[in-house]
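Convention: sequence-line order gives letters A, B, ...; per-chain numbering from 1.
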Number of protein chains: 2
Amino acid sequence: MPSIRSESPRKKPTQARAQHTVESILRATAHILRTAGWDACNTNAVAKRAGVSIGSLYQYFPSKESLVTALAEEHAARGLGVLMEAVSAASGGKLSFEQTVRHYIRAMVALHAVDPKLHRVLMEQVPRLKGGLDVMRRVSTPAAALVRSWLETQRKHLRAVDLDVATFTLVTAVEAVSHLQMLERPAKLDQELMVEELSQLVLGYLKIPPPPGPPGRAS
Amino acid sequence: MPSIRSESPRKKPTQARAQHTVESILRATAHILRTAGWDACNTNAVAKRAGVSIGSLYQYFPSKESLVTALAEEHAARGLGVLMEAVSAASGGKLSFEQTVRHYIRAMVALHAVDPKLHRVLMEQVPRLKGGLDVMRRVSTPAAALVRSWLETQRKHLRAVDLDVATFTLVTAVEAVSHLQMLERPAKLDQELMVEELSQLVLGYLKIPPPPGPPGRAS
DNA sequence: TCATGATGTGAGCAAAAGCTCAGCTCGACA
DNA sequence: TGTCGAGCTGAGCTTTTGCTCACATCATGA
């Protein structure tokens with residue numbers, strides 16, 4: 001394993017044939033990561049599954065890491081796209097605060113349902129690859145900004161919170177819970193219930209608490 | 001990399017000298033994982049850092065995986081111990097519901113502060129190792145049971161929730177948020193604030209909501 | 001003191017996997 | 001029909017690394 005050997009930028013595919021080759025390679029990588037896991041994902045196996053020679057693979061991806069990173073980038077872009085779509089769909093002003101939260105959460109839960117196994121492998125392995133942290137940041141930063149700026153417009157519904165802190169807490173919690181739910185699929189906990197629970201979690205955290213008094217509570 | 005070659009149980013150390021060897025090996029493994037990461041953690045490097053020969057390492061750990069798994073087991077046991085301690089410390093009946101939640105969360109946040117880098121590597125890599133999922137389960141199952149059984153005693157403070165679902169949601173969210181906070185250390189978000197935010201998150205999710213009416217809220 | 005088993009050593013084997021390169025095919029264009 | 005370059009091939013080189021084994025050393029009980 002010669003670690004970092006060549007970091008020269010490889011040629012970009014121009015002809016349709018080459019586009020197809022690159023696409024096959026990425027699809028094969030995703031398939032192997034999803035079904036056989038990180039350890040089984042070596043460049044020879046990817047090339048074989050893609051139906052191209054190992055040499056072709058290295059024509060477009062200078063290293064194994066760059067291959068996985070490229071796949072992660074694609075995966076991340078898709079995720080960010082879903083979030084942006086959800087935001088613009090909810091920005092008509094027709095939905096209440098509560099309804100909007102539920103809408104976002106439903107989008108996130110649905111996103112995690114798409115390809116949870118691949119998502120897991122990428123989340124676990126990409127951060128330690130060269131450039132992997134950048135890939136992660138290129139999604140998480142705008143995603144957080146999107147959430148934060150929405151929260152900003154909803155100040156009147158919120159208790160006194162620091163928006164940065166609240167964004168961090170909410171994004172992390174929603175991501176983690178919906179991710180793990182997809183992987184472990186606990187009995188009783190289907191997607192729709194998950195949306196409900198996460199909405200409770202988020203709303204309970206954000207909403208203005210009632211003045212203490214009447215409602216039955218002890219201590 | 002001969003994958004699975006020998007799975008024979010290796011001898012358990014009996015003399016003090018051997019105990020020390022085993023301990024050195026585990027400490028070296030932890031050190032390398034923490035400071036140099038998963039890729040740098042090969043058996044030769046571990047042996048070198050531990051100051052023992054590679055042969056000695058294989059006398060006690062039949063494979064690289066068993067070595068990491070053993071470390072994970074130790075790490076996990078420590079974590080479960082902290083939780084159990086927190087539960088017994090809070091079981092005097094002197095603390096209110098809110099105070100107890102805060103007490104648990106403080107313990108969890110403190111736990112994640114101990115060795116976050118190592119924790120991250122183990123959480124990311126152990127699940128895919130042979131027997132790794134069992135190690136994870138041997139902590140997460142009793143931990144969840146502990147939380148669940150406490151919630152059960154607090155029914156009168158809770159809104160109508162399925163305890164299994166609530167346990168899953170809370171444990172996952174608290175773990176993920178405190179873990180990520182330690183790794184990213186966002187400005188503004190110190191440990192004490194984290195405890196506060198997570199307590200808000202958990203209490204907002206669990207507590208009986210107020211009857212709709214007077215308190216200022218829109219929509 | 002000696003025997004015996006536990007413990008420690010490290011050169012080196014073998015397999016895995018990243019990656020190269022010399023030469024091939026294919027297709028667009030003149 | 002010929003040229004030229006983009007694209008494709010796969011045997012095999014090289015490095016890494018998990019792991020073995022023949023031998024040395026240590027500790028303990030008789």
K.L.:
With a 4.0 Å cut-off on N to O distance, would you call A:E74 and A:R27 a salt bridge?
P.N.:
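A:R27 and A:E74: salt-bridged.
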K.L.:
With a 4.0 Å heavy-atom cut-off, tell me which residues in residues 43-52 of chain B come close to DNA chain D, sorted by residue number.
P.N.:
B:T43, B:N44
K.L.:
Quick one: A:D39 CG to C:dA15 C1', roughly how many Å, whole number?
P.N.:
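Roughly 15 Å, once rounded to whole Å.
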K.L.:
Counting side-chain heavy atoms from C-beta on, which of D:dG10, C:dG18, C:dT7 comes nearest to A:K64?
P.N.:
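Shortest atom-to-atom distance from the side chain points to C:dG18.
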K.L.:
Counting heavy atoms from C-beta on, name the nucleotide in D:dA6, D:dC19, D:dG10 closest to the side chain of B:I54.
P.N.:
D:dC19
K.L.:
I need the minimum non-hydrogen distance between B:A45 and B:A40, along with the two atoms involved.
P.N.:
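Shortest heavy-atom contact: CB-O, 3.9 Å.
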K.L.:
Give a yes/no answer on whether the side chain of B:S56 brings an N or O atom under 4.0 Å of OP1 or OP2 in C:dT9.
P.N.:
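For B:S56, the contact criterion (side-chain N or O under 4.0 Å from OP1 or OP2 of C:dT9) is met.
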K.L.:
Could you state the atom-to-atom distance from CZ of B:F61 to C1' of C:dT7 in whole Å?
P.N.:
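About 15 Å, once rounded to whole Å.
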K.L.:
For C:dG8, take OP1 and OP2 only and decide whether either is under 4.0 Å from a side-chain N or O of B:T21.
P.N.:
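The answer is yes; a side-chain N or O of B:T21 sits under 4.0 Å from OP1 or OP2.
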K.L.:
Tell whether A:Q15 reaches the base of C:dG27 with its side chain through a donor-acceptor pair below 3.5 angstrom.
P.N.:
no
K.L.:
Please report, rounded to the nearest Å, how far the C1' atom of D:dC19 is from the OH atom of B:Y60.
P.N.:
17 Å
K.L.:
Please state how far atom CG in A:N42 lies from atom C1' in D:dT15, giving the value in whole angstrom units.
P.N.:
15 Å
K.L.:
Using a cut-off of less than 4.0 Å, is there contact between a side-chain N or O of A:S63 and OP1 or OP2 of C:dG18?
P.N.:
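A:S63 to C:dG18 OP1/OP2: no side-chain N or O under 4.0 Å.
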K.L.:
In whole angstrom, give the distance that lies between atom CG of B:L129 and atom C1' of D:dG18.
P.N.:
14 Å
K.L.:
Of the non-hydrogen atoms in B:S178 and B:H112, which two are nearest, and what is the gap between them?
P.N.:
OG-ND1, 3.4 Å
K.L.:
Determine, for A:E98 against A:R102, whether the closest basic-nitrogen to carboxylate-oxygen distance falls under 4.0 angstrom.
P.N.:
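A salt bridge is absent here (no side-chain N lies under 4.0 Å from a carboxylate O).
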K.L.:
Between P on D:dA27 and NE2 on B:H20, what's the gap in Å once rounded to a whole number?
P.N.:
14 Å
K.L.:
Could you state the CH2-C1' distance from A:W38 to C:dA17, rounded to the nearest angstrom?
P.N.:
13 Å
K.L.:
Figure out the OH/C1' separation between B:Y58 and D:dC21, and round it to whole Å.
P.N.:
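It works out to 14 Å between those atoms.
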K.L.:
Any chance CD of A:E85 has more than 12 other-residue heavy atoms, nucleotides or ligands included, within less than 6.0 Å?
P.N.:
no
K.L.:
Any idea how B:Y104 and B:W150 line up, ring-wise: parallel (<30°), tilted (30 to 60°), or perpendicular (>60°)?
P.N.:
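Ring orientation, 0 to 90° scale: perpendicular.
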K.L.:
Does A:G55 or A:A40 map to a spot on DNA chain C nearer the 5' end, using the closest nucleotide for each?
P.N.:
A:A40
K.L.:
Using the ring of each side chain (for Trp, its six-membered ring), is A:H75 parallel, tilted or perpendicular to A:H119, with breaks at 30° and 60°?
P.N.:
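Judged by the thresholds at 30° and 60°, the geometry between A:H75 and A:H119 is tilted.
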